[in-house]
2 protein chains.
Amino acid sequence: MNTLAEENYLKSIYHLALSSANVSTNQLAALLKTKASSVTDMLKKLADKELINYTPYQGVNLTAAGEKIAVNIIRKHRLWEYFLVEKLNFKWDQVHDMAEEMEHISSNELIDRLDKFMGFPKHDPHGDPIPDCNGLVKTHHLEPLSSIVPGQHGTICGVRNHSTMFLQYLEKQSLTIGKKIKVAETIEFDHSMILQMEGKEIQISREVANNLLIAQ
Amino acid sequence: MNTLAEENYLKSIYHLALSSANVSTNQLAALLKTKASSVTDMLKKLADKELINYTPYQGVNLTAAGEKIAVNIIRKHRLWEYFLVEKLNFKWDQVHDMAEEMEHISSNELIDRLDKFMGFPKHDPHGDPIPDCNGLVKTHHLEPLSSIVPGQHGTICGVRNHSTMFLQYLEKQSLTIGKKIKVAETIEFDHSMILQMEGKEIQISREVANNLLIAQ
DNA sequence: TTAAATTTTTAGACAAGTCTAAATTTTTAA
DNA sequence: TTAAAAATTTAGACTTGTCTAAAAATTTAA
Ligand SMILES: [Mn+2]
Ligand SMILES: [Mn+2]
Ligand SMILES: [Mn+2]
Ligand SMILES: [Mn+2]
């Protein structure tokens, strides 16, 4: 149906479109670790296939057909990540690269059965929502921890940064998905925060607070 | 490490080498559904990488390094087939094409954990041996059913033909892996056979008998 | 509002893998 | 033992996806 490269472009356009209406050539080049000229070439192909709307110099967005493909790839990515963590006991910082390969296994029948096998999980190991078999994504609105004011309570429900380094740091601090926290204090000088979690105090930087997503 | 095309060539050479010492260009072209000239090009690449021994016009065989890669791909193929049948409830005639994609997922850590998760199965859904994590393949010697003489008993342990059509036929006749049979009679005229299985009589053609593998 | 900086596209090249057609080598069999 | 047939390789072309360098368009900011 679509090549591996095409699928990766569609997925990247989808992710970037979540924070900017029109996705630029350079944004895509940076995310895909390729050159702007290569991106332009591919955008023409995807536009020919009517998977994106592309006006030269104006950036792109997905058509309904393109978005459907992108969401399906993200569904597969997140279900495989869930499988790797829940069934094969990998840590949440180990699974992304494997899922990058597995998301391209083409069979939808396979992924629907995997979904059922695991009991239709709603979130992947990083707290991201798993689209259902009809392409429906339940995007819960989450606040970055940095915007929570002292005295308020919340639950860790996601991360903005998916790097191994950040995930390992969070694991070490026990700042994992589902944990309940209270913001005890914010330090004006560097915007660092002091949290209460399970009776203990944890101090985190503004950088960390910006990348932790909280439901209240 | 190696490209998808390279992996498929190595796997095909391995399979063909089981029945002919030196594998020919045309044999490979037929199995890979490609042209002899394409095969020649790839054989040069694999020879450069020292994964095969290649003398122009004389066919090829795998080096130790090439065989190791081929066996690892076959291990992954068969473990994923087992997963699809045992965990996701696919039928044995549905899993080959999916496994053809999944065998190229690169992580060995992943496949070793999958192996453990499933309890280290020894055979795939078609009765083929699953190589262990060190590349060791336990090849039990099996007879085609056509060479069993009347009066003898045996157990169905494998198939020579893996086509959907043949596997579906066997399923319908309940001629599946593990079934115990007795050869009641062979018909001289067309070499067809009458079997006793679970108290019932089954008549099969010479063609079918040639493609069923029996342990006595 | 225009010049400079930035972004994007175009032009031309390259590697991987495939193809057809033609040349070469090996095998078969008269 | 040699001519025909079959198998294999070579030559040249094409597609996909990538790159660098240069040209063109857009944005920024003086
Ligand atoms: Mn991921
Ligand atoms: Mn994830
Ligand atoms: Mn198979
Ligand atoms: Mn099999």
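Lettering of chains follows the sequences in order, A, B, ..., and the numbering in each one begins at 1.
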Would you call A/R75 and A/D115 a salt bridge, using N to O less than 4.0 angstrom?
yes
Using OP1 and OP2 only, check whether a side-chain N or O of A/Y57 sits under 4.0 Å from D/dA23.
no
Among D/dT18, C/dT9, C/dG17, the one nearest any side-chain atom of B/K45 is C/dG17
If you check the A/K35 side chain, which of D/dC19, D/dT8, D/dT18 turns out closest?
D/dC19
A/T3 side chain near D/dG17 phosphate (N/O to OP1/OP2, under 4.0 Å)
yes
Just by distance, no angles: are the side chains of B/S192 and B/D190 close enough, under 3.5 Å, to form a donor-acceptor pair?
yes
Checking side-chain polar atoms at under 3.5 Å, does A/W80 have a donor or acceptor matched by the opposite partner on A/E103?
no
Among C/dT9, C/dG17, D/dC19, the one nearest any side-chain atom of B/E6 is C/dG17
Without decimals, in angstroms, what is the distance between B/D41 CG and C/dA16 P?
12 Å
Does any donor atom in the side chain of B/K49 or B/N2 lie under 3.5 Å from an acceptor atom in the other side chain?
yes
Under 3.5 Å, is there an N or O donor on one side and an acceptor on the other linking the side chain of A/S37 and the base of D/dT20?
yes
For the side chain of A/S38, counting heavy atoms from C-beta on, which of D/dT9, D/dA24, D/dT18 is nearest?
D/dT18
